[in-house]
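All remarks here apply to the structure that follows.
Below, each value reflects all heavy atoms present in this structure, side chains not excepted, and no hydrogens, waters or symmetry copies. These figures come from a predicted structure and were not determined experimentally. Within every chain, numbering begins at 1; the chains are lettered A, B, ... in the order of the sequence lines, protein sequences first and strands thereafter.
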2 protein chains.
Amino acid sequence: MVAITIKDVAALAGVSVATASRVLSGNPATSPDSRARVAAAVTELDYRPNAQARALRSTRSDSIGLLVSDVRNPFFADLAHTVEQAALAAGYVTLLGNANERKEQQDRYLDTLISRRVDGIIVAPLGEGSGSIRSLITREIPTVFVDRTVDGLDIPSVTTDSEAGIRQAVHHLAAAGHTRIGYISGPQATSTGRDRFAAFTRAIAAAGLSQDPELVYFGDYQAASGSAGVHALLQLREPPTALLAADSLMAVGAIAILHKLGRRIGADIALIAFDDIEWFALLNPALSVISHSVEEMGRIAVDMLLQVIDGGEPESVVLPSELIVRASSSTPTSPASGPSLRTN
Amino acid sequence: MVAITIKDVAALAGVSVATASRVLSGNPATSPDSRARVAAAVTELDYRPNAQARALRSTRSDSIGLLVSDVRNPFFADLAHTVEQAALAAGYVTLLGNANERKEQQDRYLDTLISRRVDGIIVAPLGEGSGSIRSLITREIPTVFVDRTVDGLDIPSVTTDSEAGIRQAVHHLAAAGHTRIGYISGPQATSTGRDRFAAFTRAIAAAGLSQDPELVYFGDYQAASGSAGVHALLQLREPPTALLAADSLMAVGAIAILHKLGRRIGADIALIAFDDIEWFALLNPALSVISHSVEEMGRIAVDMLLQVIDGGEPESVVLPSELIVRASSSTPTSPASGPSLRTN
DNA sequence: CGTTTCCATGGAAACGATTCCATACAACAC
DNA sequence: GTGTTGTATGGAATCGTTTCCATGGAAACG
């Protein structure tokens, strides 16, 4: 099929290419007659402008990039959905990429987004700011960090104050009598991994609980490392009686292996996850979580990026987190009356 | 910052623009000396080709579109992830869009993808083939339907044989003694909604179970309609003793409201969901599901689309489904020994 | 030595849209 | 009637890359 171009539209409407373009761009310097004729020609020919040609001439592509760690993680799936809807409402299409928690893939995707001349990029960064993250700065590409940041890079960001939620969680577990709390940490190559670990360390010290370094397992934010972490921690000479997982996917892995090992969550061992996933409340026992609003995060990230694209310099935003106590971290009850998560 | 173009690269390398372009495109008609000099210039200038300009001249954008119903649905999140990774391995970037189960948004997104001249589109279609779905055909844009199809459109597709899984589920529930099975149906505007409903109807008839039309609730594949469906079905004069939800998000909604109403899944009422989501097995009781391989579906869809892009005419593929029995649909046991999903 | 073939190169045109700048016309003021 | 201003239009240049086609030089062949 031969492509319909703006030349065909202009010819059918009986105007010049420049006038047709002005009409389609909403330029007011056009007569009502020209507008009507061009609109009729567009409809008759089912014409769609070529976005590549537009972007090439106009220096903007009306698209933004969003690079997340893994769209299968419900937190990032929700974030992607919110960002995409907010961007679409502002006239931008979102190009979504997955880094799979790997720096090489992060770099590859960022290069792709740069090559496609997206108007801006929202990214949950991994690593210390070398590679393609550095290129974003060098090229002055409008950028907003979401959820995570890179030390030393002055990029506007929207993140979570994990300190508050983690402090509440540790305090809650201490009040329930736990003295050895196992922590399944995120990767130290991510700011969230570092921040949440540091917050955990401070909260443990403040609560006067055991600071045995063996109580910390360094995972990679994937479900499998959640399972491996629980497995390692439960093999300690003095295993923890409570667990705190630094993200939802690792919590899923933790639940699966506790299930497999016949350990009853809530009764035998307490479990709290960072990130509130909708279905965590449907588990039995329902999972205690450190909650923050992923929707708000996504909306703010888009607002900030639009400001940066327009030449503004938005202030970074830190959102609150809070503990939501459910049955998985409540005081153990007697087996006869307590709900449990057991092997079927 | 002034943009670096291929002219700058050519000048620094001491070759013509045409030679620089040939080197970067991997054209063999270049000398090793030219290749080395261009490569060095690219590195020194941190040059990234402008993908818009490339696409404009070369008539291909090296991108594909994937339009799903809702990336928050774990089924589609997994599908998106698989498609994206398979496409990336083949040298294509994936532009991901959400229709939010709405035809206007489906049309809007398809228009956007068409405007961006993607090389092909994979879509889980909604509706009867009017609007922008029709434009895909008219413009002969390489298209593959995934999960769902449109009656009367001869587009290669990769779908699931839901009949087998649903027949197994109904048979399993009948063998457990259920005579009134409630069905939470997907929207009849989707082929999966229609097919699964028809399969359910046939399986019910074949098993000699109640074909009371009140046992069917027509939902919209969102969690809220799963809740509403359960609510409606449980208010019948003769409520069902077993439920079959036509997708995972509606099953989540069903679980939530059963939880809220204090109905014990597995003990008071059996529940089976179409689509196997990883965490369904972590519920207590673990959820019975009709399973099909979303990963395989995504890979096959990409393979098929690549064939269509290359001028091929791949055969449509129908993948199997099978029932996985877990505790949510097992024979009710006595309260003292049975796991349950209860209000906390 | 003359002709043919192969490899490599460079300049210009093409791709489809936007935008710059020159021009025409009508309305208004003096 | 003349000059100014505002609206509207059209042709050509621009955007960054690829590709077409012409050309030159070297090697192979008769």
Practice problem: List the steps and the verdict of side-chain contact (heavy atoms from CB on, under 4.5 Å) for Val123(B) and Val146(B). | Solution: CA-CA 6 Å; Val123(B) 53; Val146(B) 71; over 6 Å; no

Exercise. Would you mind reading off the distance between Asn27(B) atom CG and dT19(D) atom P, rounded to a whole angstrom?
Key: 9 Å

Exercise. Quickly work out the Ile6(B) CD1 to dT14(D) P distance and round it to whole Å.
Key: 19 Å

Quiz item: Across the strands shown, which category fits Ser25(B) at heavy-atom distances under 4.0 angstrom: base, sugar-phosphate, nothing?
Solution: sugar-phosphate

Quiz item: How would nucleotides 5-12 of chain D be written as a contact map, 5' to 3', with B for base contact, S for sugar-phosphate-only contact and - for no contact, using protein heavy atoms under 4.0 Å?
Solution: ---SBBB-

Quiz item: With sugar-phosphate meaning primed atoms plus P, OP1 and OP2, does Thr5(B) contact a base, only sugar-phosphate, or nothing at under 4.0 Å between heavy atoms?
Solution: sugar-phosphate

Practice problem: In whole angstrom, give the distance that lies between atom CG of Leu56(A) and atom P of dC15(D). | Solution: 9 Å

Quiz prompt | Distance, rounded to the nearest Å, where Asn50(A) contributes CG and dC15(C) contributes P | solution = 12 Å

Self-check item: Rounded distance in Å - CZ (Arg60(B)) to P (dT18(D))
Solution: 12 Å

Quiz item: Rounded to whole angstrom units, what separation is found between the NZ atom of Lys7(A) and the C1' atom of dA17(C)?
Solution: 10 Å

Exercise. Rounded off to whole Å, could you give me the CD1-to-P distance for the Ile114(A) and dG16(D) pair?
Key: 17 Å

Exercise. Of all the heavy-atom pairs spanning Thr19(B) and Thr30(B), show the shortest one and how long it is.
Key: O-CG2, 4.4 Å

Practice problem: Counting heavy atoms from C-beta on, name the nucleotide in dG16(C), dT18(D), dT18(C) closest to the side chain of Ser21(B). | Solution: dT18(D)

Quiz prompt | Salt bridge present between Asp303(A) and Arg299(A) (N-O < 4.0 angstrom) | solution = no

Quiz item: Would you say the base of dT18(C) and the side-chain of Arg57(A) have a donor-acceptor pair closer than 3.5 Å?
Solution: yes

Quiz item: Is Arg54(B) salt-bridged to Asp62(B), cutoff N-O under 4.0 Å?
Solution: no

Exercise. Map every base of DNA chain D to its dot-bracket character, where paired means a Watson-Crick or G-U wobble contact with both distances under 3.5 Å and | marks a partner outside the strand.
Key: ||||||||||||||||||||||||||||||

